[in-house]
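Below, each value reflects all heavy atoms present in this structure, side chains not excepted, and no hydrogens, waters or symmetry copies. By convention in this document, chain letters (A, B, ...) are assigned in the order of the sequence lines, proteins followed by strands, and residues within each chain are numbered from 1.
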Amino acid sequence: MIDAQQAALVGLILLPLASGAAAFLLGPGRGAGLCIASQAAALFFALQLADSVLAGDIARHRIGGWGAPLGIDLTADGLAAAMLLLTQAVALPLALYARAYFRPDSAEVRYFWPLFGLLLAGLNALFVSTDLFNLYVTLELVGLAAVGLVGIGGGALQIAAALRYLFATLLGSGAYLLGVALIYGAYGSVAVASLTPLVAAEAPTLVGLAAGLMLLGLLLKTALFPCHYWLPPAHGGAAAPVSALLSALVVKASFYLILRLWLGPLAPLTASHPLLPWLPALLGAGAILWGSWQAIRAPRLKTMIAYSTVAQLGYLFLIFPLLGTPGGRAAGILHAVAHGLAKAAMFTAAGVLIKATGQDRIAALAGAAQQLPLTLFAFGLAGVTLMGLPPSAGFLAKWQLLDAALGQGYWGIVLITLSGGLLAAVYVFRVLRQAFLLTSSKTTVAPVPRTLEWTAFGLAGASLLLGLRGVELVELLAVWGWE
Amino acid sequence: MSTGLLFALVGAALFPLGAAGLLLQRHLLRRILAFNLMGSGAFLVLVGLAQRQDVPDPVPQAMVLTGIVVAVAATALALALTRRLHALTGRLELPEAAHD
Amino acid sequence: MKRFGIGGAALLLALALGYAMLELGPARLDLRPAVAAHLADSGVRHPVTAVLLNYRGYDTLLEVAVLLLALFAILAVTPPGPARRPAPADPLLQMLARLAVPLMLVASFYLLWAGAFRPGGAFQAGAVLAAALVLLHLTGQLPGWPTPGALLRGGLAAGLLVFLGVAAALLIEGSLLQYPPAWAGRLILLIEFCLTGSLGLILAGLFLFLCQAEGERR
């Protein structure tokens, strides 16, 4: 038999996989309760796993008992445990939200729960896999589930957004797969444990090409500027619970893999030239400025939030020159976690506003604050995290980033970080100002289920309060398990 | 030159060809075909490069079988979306990206 | 401009890959001895099947999930509608199809059984099964599928669920998919048998579920 830690590790993959398939068995539109129960159990598993990893006990599981490189190994260290925890903590409220959001007889909800289950299974499997080819399969699982979720609306705009997203994600994973093929050809293994010493010992030209292809493919999947063209229509056009899942979790999965490869098996290559980390940082800076500018100009609420995601993803790459310092590494993951919670809160709040007012133009939001105060409060709290004001987790992330950048004397990063926060304030306040306008003509607002408002508020509150538990999160991240 | 290496070289030529097609073509069917060309290139490299001494290696062969099934799944989804787009708009091209 | 940029980059990539492949030395690791050494315990005699269902069986489990996922996504984007039956084909073609289908079933069983010791296995067998269903449809003898009912849903998901169940049950042995050598052959055959049926239905479904959307334009 296996111990509790391994059961949690394996359960995090098997549970959503089984619940997705079972939801399909139950029939179109059914299975919400099942998926919510399975997500609650998954959250418990993730907490248990994080707890044991925090105690210094890295979870390892050898599938089939073979062990790498013949078999596939799963590993959950601090970084993986943190991402697993974020994923379950965002997915459970979103599952509750989705159940209240979709009308039971709507076309959108018919296959939502099976897709939801398989998306979560793919994400969890990705975070713990230590086999480059197995990671490719999990990437495809996540990518195809996300495309399907974008398309569930079935409208022409959503289908076009889904197709654009599909081609981008296939190009990205194709490049990754070619990289894996080259690595297998060069070393005869795709297991991280056996590759790490081999790459450190000798890296022929082909491996450099493989590293470039894998990282570029993943950058495209993470929608780093200027490869972000597919993100705004997909995230802005999907149903609100789907947008929240995609912005909070799916883009983080490929970022996680970039970070893992950069610091793990590809480290000898990425450290070979001191200017190399500045390339992602430069693109990240471009993302912050361009994404924020587009968010400020966007006429529609969800497009605005989608461009804000483009901008916020930039911070994740701004840290690359600082990865040598523990603070820089923690800043990146803290930001991923804070943004995940805040962006889920923002999209869910936007979903409430759109459902209540029947449209999503920012200009037409006047008076919404009087009708939906809780939702606007949630939107504002999420905005506080995006701007990086204390005591939010976003503040903690920016603080770590600034601290690390000042320690190295990188003034450019400091400048970009600070101006990014100001730009975020501009686009957040643009929505709030409009919503708080007093209108003489009473805006008609459709009744909205209370669950929707409270889940948005809960997510926003979590993004704020996480700042208070940030020390534990930083400690967790220090447990590193990819040798 | 061994057969395996020849396969790998052909794959190395096919992959960029398919990737460029995926980016440059506008007709959706052509883009789906380009994706399949790109995938076949990667599969040829995976199997060919590992067998460049012409000794069969079952591990990449099994991986390619997995990869093919994934490619089939992705192609089917792309075709279904394309048909749906055609049914809704009568077009077989993606509309120009709108910026709002 | 964009054309030349992307074309040039593609050409450069192809040349760089070709050059780097030609100068590559032998690989440091070789998994072939390990694959062969454990073949006796793997439950099958064909090395590719051993990798596919035993050593890297977890990949295959996720890959079945990917295929089922594609079907979910296709069903999700296709609005429900009445099933369509194409116009009946020439009687001669119909009769040939009816003759071919039993032969294809036999071929499918052979491929499933042969997978244990020579090229073959559940995916190939499932593909033949799916081809038989599509052949019947194209000759007008099988209508396109409407939104799947409970029975069909069970058939589509059975392969993944049985695979998942076996993988989870083997946790008793110490880890996911850890087959006890004495049972490995039978368990793999059970998984492959269920996979063949489900994969046949899924692959056919990728085609037949789309046949309902035809005709309703705008």
Does [X] have more than 12 heavy atoms from other residues, nucleotides or ligands lying within 6.0 Å of its [atom1]?
X      : atom1 : value
A/F167 : CZ    : yes
B/L33  : CG    : yes
B/R30  : CZ    : no

Residue from B/V45, B/V64, B/V47 scoring the most non-hydrogen pairs under 4.5 Å with chain A is B/V45
Closest heavy-atom pair and its distance - [X], [Y]:
X      : Y      : result
A/G155 : B/L88  : C-CD1, 3.8 Å
B/A74  : A/L166 : O-CD2, 4.2 Å
B/A42  : A/L177 : CB-CD2, 4.0 Å

Per-residue contact mode, [X] against chain B (heavy atom under 4.5 angstrom):
X      : value
A/L182 : both
A/L170 : both
A/Y184 : side chain

Pairwise distance [atom1]([X]) to [atom2]([Y]) - rounded to 0.5 angstrom:
X     : Y      : atom1 : atom2 : result
B/L77 : A/L163 : CG    : CG    : 8.0 Å
B/L85 : A/L157 : CG    : CG    : 10.0 Å
B/T66 : A/F133 : OG1   : CZ    : 5.0 Å

Could you please spell out the steps behind the side chain to side chain contact (heavy atoms under 4.5 Å, CB included) verdict for A/L206 and B/L49?
CA-CA 11 Å; A/L206 196 63; B/L49 199 58; 3.7 Å; yes
Can B/F35 and A/L171 be said to form a side chain to side chain contact (heavy atoms under 4.5 Å, CB included), step by step?
CA-CA 8 Å; B/F35 156 69; A/L171 185 60; over 6 Å; no
Name all residues meeting the ring-ring contact (aromatic ring centres under 6.0 Å, His included) criterion together with A/Y187; count only those two or more places apart in sequence or in a different chain, and write none if there are none.
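A/Y187: no ring-ring contact (aromatic ring centres under 6.0 Å, His included) contacts found.
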Could you walk me through whether A/V147 and B/L81 satisfy the side chain to side chain contact (heavy atoms under 4.5 Å, CB included) test, starting with their C-alpha distance in whole Å, then the side-chain angles of each, then the deciding distance to 0.1 Å, before giving a yes or no?
CA-CA 10 Å; A/V147 169; B/L81 286 169; 3.9 Å; yes
Taking 4.5 Å as the heavy-atom cut-off, does anything in residues 11-22 of chain B contact chain A, and if so which residues?
B/F15, B/A19, B/L22
Is it the side chain or the backbone of B/L23 that comes within 4.5 Å of chain A heavy atoms, both, or neither?
side chain
Step-by-step side chain to side chain contact (heavy atoms under 4.5 Å, CB included) determination, A/L178 to B/M38:
CA-CA 9 Å; A/L178 181 61; B/M38 185 182 94; over 6 Å; no
